[in-house]
Amino acid sequence: MTNAEIAAVFREIAALLEIDGADTFRVRSYQRVADSLESLGENVADIYARGELQKIPGVGKSTAKKISELLDTGVVAAHQELRAKFPETLLEMLSISGFGPRKVALVYNELGIKSVEELEEAAEEGRLRELQGFGAKSEENLLRSIALYRQGQKRTLLGSALPRAQELVKLLQARDDVLQVSIAGSLRRGRETIGDMDILATSTDAAGVCEFFAGLPQFSEVIAHGETKVSARFEDNLQVDLRAVEPESFGAALQYFTGSQAHNIELRERAQKRDLTINEYGVFRVMEQDERGEKVAGETEEGVYEAVGLPWIPPELREARGEIEAAEAGRLPELITLDDIRGDCQMHSEWSDGHTSIAEMATACRERGYEYCVITDHSVSLGVAGGLTPEQVQAEAAEIAELNEKLRAEGIDFRVFHGTEVDILADGSLDYDDDVLAAVDFVIVAIHQGFSRDEQRIMKRLRAALENPHVDCVAHPTGRLINTREAYAVNLAELIDLAAEHDVALEINAFPERLDLDDVHCRLARDRGVDIMINTDAHDPAHLDYMQFGVTTARRGWLEAKDVVNTRSAGEFEQWLHRK
DNA sequence: GCCGTTTTCGGCCCGACTGTTTTCAGTCG
């Protein structure tokens with residue numbers, strides 16, 4: 001049973017308890033456990049085997065018992081009892097925006113409504129307005145929310161949201177009455193997908209800025225428009241929230257709207273212990289009888305953290321995954337930045353399925369300030385991608401040698417390495433013989449077929465591949481495509497151990513659809529001493545810019561420059577290639 | 001249900017917004 005599956009059970013227990021009217025703090029405990037499990041990286045089963053379940057943050061005696069029960073028997077009795085109490089279809093109603101557990105319980109208990117369909121029918125017939133707290137307006141809003149829910153709200157890729165957010169920021173910055181602008185929310189934290197987009201601004205004329213923003217042609221709909229807040233939607237339903245605050249609250253508001261919620265809760269609990277309270281306007285002293293006293297911070301984010309005795313914490317770390325403890329102990333990582341990257345080690349040319357020549361890719365890499373790049377065209381079996389025969393690999397090597405010659409002759413300090421992205425075949429063998437692999441500079445292996453095999457088969461293939469001494473790196477280790485394709489049945493904890501054992505690097509593939517490894521496993525790999533590479537897998541010069549998303553993912557995985565192979569100089573990288 | 005730089009009991013982040021109410025409950029982030 002995977003961590004995600006166990007977390008899902010705890011999330012469902014929390015949801016059912018909420019509908020059941022349980023104490024909210026009890027509900028929060030279950031949610032907290034689910035959050036914790038999802039950000040673990042390591043398999044819960046292994047932690048259970050060591051008898052260390054209660055070391056997981058938020059897991060106490062009772063929830064530890066439920067986790068072990070789940071792992072031992074496949075079910076949790078308390079969960080089954082809750083399920084028996086309510087129709088299964090009840091939970092779906094919670095997915096409707098603006099419809100929470102109290103309302104679900106109300107319509108179920110009073111009108112016997114058990115599903116989204118029945119809810120829609122009742123709203124259309126005007127039967128909901130009989131209920132306490134409901135009116136015509138709420139029925140109307142509910143019908144709109146149901147329609148939106150039916151359109152299937154997928155989270156938006158970081159790579160799709162960020163450019164649009166930056167464009168909005170630019171438009172705001174161009175105004176004279178706007179003082180500061182920043183992206184906030186999950187987009188600022190660099191999550192791989194975002195639910196909605198948050199932008200924060202300070203201004204001498206907040207209402208005027210809101211007016212301007214609400215009128216932008218980018219939006220297909222303005223949902224709410226007030227003096228300090230605008231909510232609007234792009235054509236694809238992605239929601240944007242703009243908030244305007246006073247300049248003296250910019251730091252507090254930025255901290256507040258950046259989240260994550262879990263991080264903010266931890267931060268405020270910390271403030272409480274110091275007789276302080278934090279809200280979006282600032283940090284305030286708490287006086288006798290809960291009276292709010294003097295404001296001690298708020299203009300800058302640094303000030304907010306300083307007020308509770310902490311150094312500033314980079315947004316990518318603000319996920320309640322131990323960053324506050326690390327900050328307190330002065331052990332925050334010095335996170336990698338885009339400037340640290342000195343080469344890109346996976347990209348394709350027109351020799352296989354890339355769009356341009358090797359020389360053009362090299363030029364594009366130089367323009368990005370790199371010292372080197374590695375061309376990794378596909379191997380022979382990947383017919384759809386124009387995989388290279390061994391003879392073509394040789395010919396490509398000659399072209400690269402010639403190009404390096406030419407660069408040297410022109411006095412250009414840039415190096416093109418010759419690599420290959422080799423398929424791991426169904427039986428675990430590699431797509432080229434060892435003599436072909438020995439002749440290239442860099443071997444990155446990948447699974448491109450046989451995705452539906454079970455874990456045992458997948459791991460057998462990976463194990464065999466990693467045992468090959470020519471192998472340097474595993475490309476996109478899970479094969480997932482966000483929102484599109486699940487990962488194949490890879491046991492990442494085991495793969496990470498194998499990578500450590502055989503001195504093979506793992507890739508963060510920077511393509512926005514992949515971001516694979518993800519943040520959580522990237523951190524686990526680092527903890528186990530595995531080398532990481534951040535590569536774009538570019539098939540076109542423009543794709544090289546995806547590097548920023550790979551770096552963001554690495555930052556979310558607590559990586560420093562020293563943890564990432566391609567922050568090294570060309571010379572050091574070449575040494576690394578000969579490490580085995 | 002969890003947790004401990006006052007605590008093994010009694011707390012548990014904080015405010016905005018909405019639609020419904022005449023003071024508030026529910027939802028959201």
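In the text below, chain A, chain B and the rest are named by the order of the sequence lines, each starting its count at 1.
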(request) Using the six-membered ring of A/Tyr30, assess whether NZ or CZ of A/Arg11 lies under 6.0 Å from its centre and within 45 degrees of the ring axis. (result) no
(message) Given the ring of A/Phe234, does A/Arg164 sit roughly above its face, with NZ or CZ under 6.0 Å from the centre of the six-membered ring and within 45° of the axis?
(response) yes
(request) Go through B/dC12, B/dC14, B/dA16 for me and flag the one nearest to the A/Phe25 side chain. (result)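 Nearest to the side chain of A/Phe25 among the choices is B/dC12.
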Rounded [atom1] spacing from [N] to [M] in Å:
{"N": "B/dC13", "M": "B/dG4", "atom1": "P", "value": "14 Å"}
{"N": "B/dT8", "M": "B/dC3", "atom1": "C1'", "value": "9 Å"}
{"N": "B/dG10", "M": "B/dG15", "atom1": "P", "value": "26 Å"}
{"N": "B/dG26", "M": "B/dT20", "atom1": "P", "value": "15 Å"}
{"N": "B/dC17", "M": "B/dT23", "atom1": "C1'", "value": "16 Å"}
{"N": "B/dT21", "M": "B/dA25", "atom1": "C1'", "value": "10 Å"}
{"N": "B/dC9", "M": "B/dC14", "atom1": "C1'", "value": "24 Å"}
{"N": "B/dG11", "M": "B/dA16", "atom1": "C1'", "value": "25 Å"}

Spacing of [X] atom [atom1] relative to [N] atom [atom2], expressed in whole Å:
{"X": "A/Glu266", "N": "B/dC3", "atom1": "CD", "atom2": "C1'", "value": "13 Å"}
{"X": "A/Glu269", "N": "B/dT5", "atom1": "CD", "atom2": "P", "value": "12 Å"}
{"X": "A/Arg270", "N": "B/dT5", "atom1": "CZ", "atom2": "C1'", "value": "11 Å"}
{"X": "A/Lys61", "N": "B/dG1", "atom1": "NZ", "atom2": "P", "value": "12 Å"}
{"X": "A/Lys273", "N": "B/dC3", "atom1": "NZ", "atom2": "P", "value": "11 Å"}
{"X": "A/Gln272", "N": "B/dC13", "atom1": "CD", "atom2": "C1'", "value": "7 Å"}
{"X": "A/Lys55", "N": "B/dC3", "atom1": "NZ", "atom2": "P", "value": "14 Å"}

(message) Tell me every residue that passes salt bridge (Lys or Arg N to Asp or Glu O under 4.0 Å) with A/Arg528, counting only those two or more places apart in sequence or in another chain.
(response) A/Glu42, A/Asp497
(message) Return the CG to NZ distance between A/Leu276 and A/Lys295, rounded to the nearest 0.5 Å.
(response) 13.5 Å
(message) Between A/Phe549 and A/Phe511, is the ring centroid distance below 6.0 Å?
(response)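 Between A/Phe549 and A/Phe511, the centre distance exceeds or equals 6.0 Å.
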Please state whether the phosphate of [N], meaning OP1 or OP2, lies under 4.0 angstrom from any side-chain nitrogen or oxygen of [X].
{"X": "A/Ser62", "N": "B/dG1", "answer": "yes"}
{"X": "A/Thr277", "N": "B/dC13", "answer": "no"}
{"X": "A/Asn279", "N": "B/dG15", "answer": "yes"}

(request) Have a look at A/Leu267 and say if it touches a base, only the backbone sugar-phosphate, or nothing, with a 4.0 Å heavy-atom cut-off. (result)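 No contact.
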(request) With a 4.0 Å heavy-atom cut-off, tell me which residues in residues 27-35 of chain A come close to DNA chain B, sorted by residue number. (result) A/Arg28, A/Ser29, A/Tyr30
(message) Nearest heavy atom decides the nucleotide; on that basis, is A/Lys229 or A/Lys66 closer to the 5' end of DNA chain B?
(response)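 Nearest nucleotide further toward 5': that of A/Lys66.
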(request) For A/Ile265 and for A/Val59, locate the closest nucleotide of DNA chain B by heavy-atom distance; then report the residue assigned to the nucleotide nearer the 5' terminus. (result) A/Val59
(request) Sugar-phosphate atoms are those with a prime plus P, OP1 and OP2; base atoms are the rest. Using that split, label each nucleotide of nucleotides 18-29 of chain B B, S or - for protein heavy atoms under 4.0 Å, 5' to 3'. (result) -SS-----SSSB
(message) Can you tell me how the ring of A/Tyr305 sits relative to the ring of A/His263, calling it parallel under 30°, perpendicular over 60° and tilted otherwise?
(response) tilted
Please find the pair of heavy atoms, one from [X] and one from [Y], that lie closest to each other, and give the distance.
{"X": "A/Trp558", "Y": "A/Asp563", "answer": "O-OD2, 4.4 Å"}
{"X": "A/Leu254", "Y": "A/Ile183", "answer": "CD1-O, 4.0 Å"}
{"X": "A/Gly303", "Y": "A/Ala297", "answer": "O-CB, 3.4 Å"}

(request) Identify the nucleotide, in any strand shown, that forms a Watson-Crick or G-U wobble pair with B/dT8, with both distances under 3.5 Å; if there is none, say none. (result) none
(message) Quick check on salt bridge (charged side-chain N to carboxylate O under 4.0 Å, His left out): which of A/Arg26, A/Lys85, A/Arg83 does A/Asp20 satisfy it with?
(response) A/Lys85
(message) Which residue in the set A/Asn43, A/Asp72, A/Ile56, A/Ile67 passes side-chain contact (heavy atoms from CB on, under 4.5 Å) when paired with A/Tyr48?
(response) A/Asp72
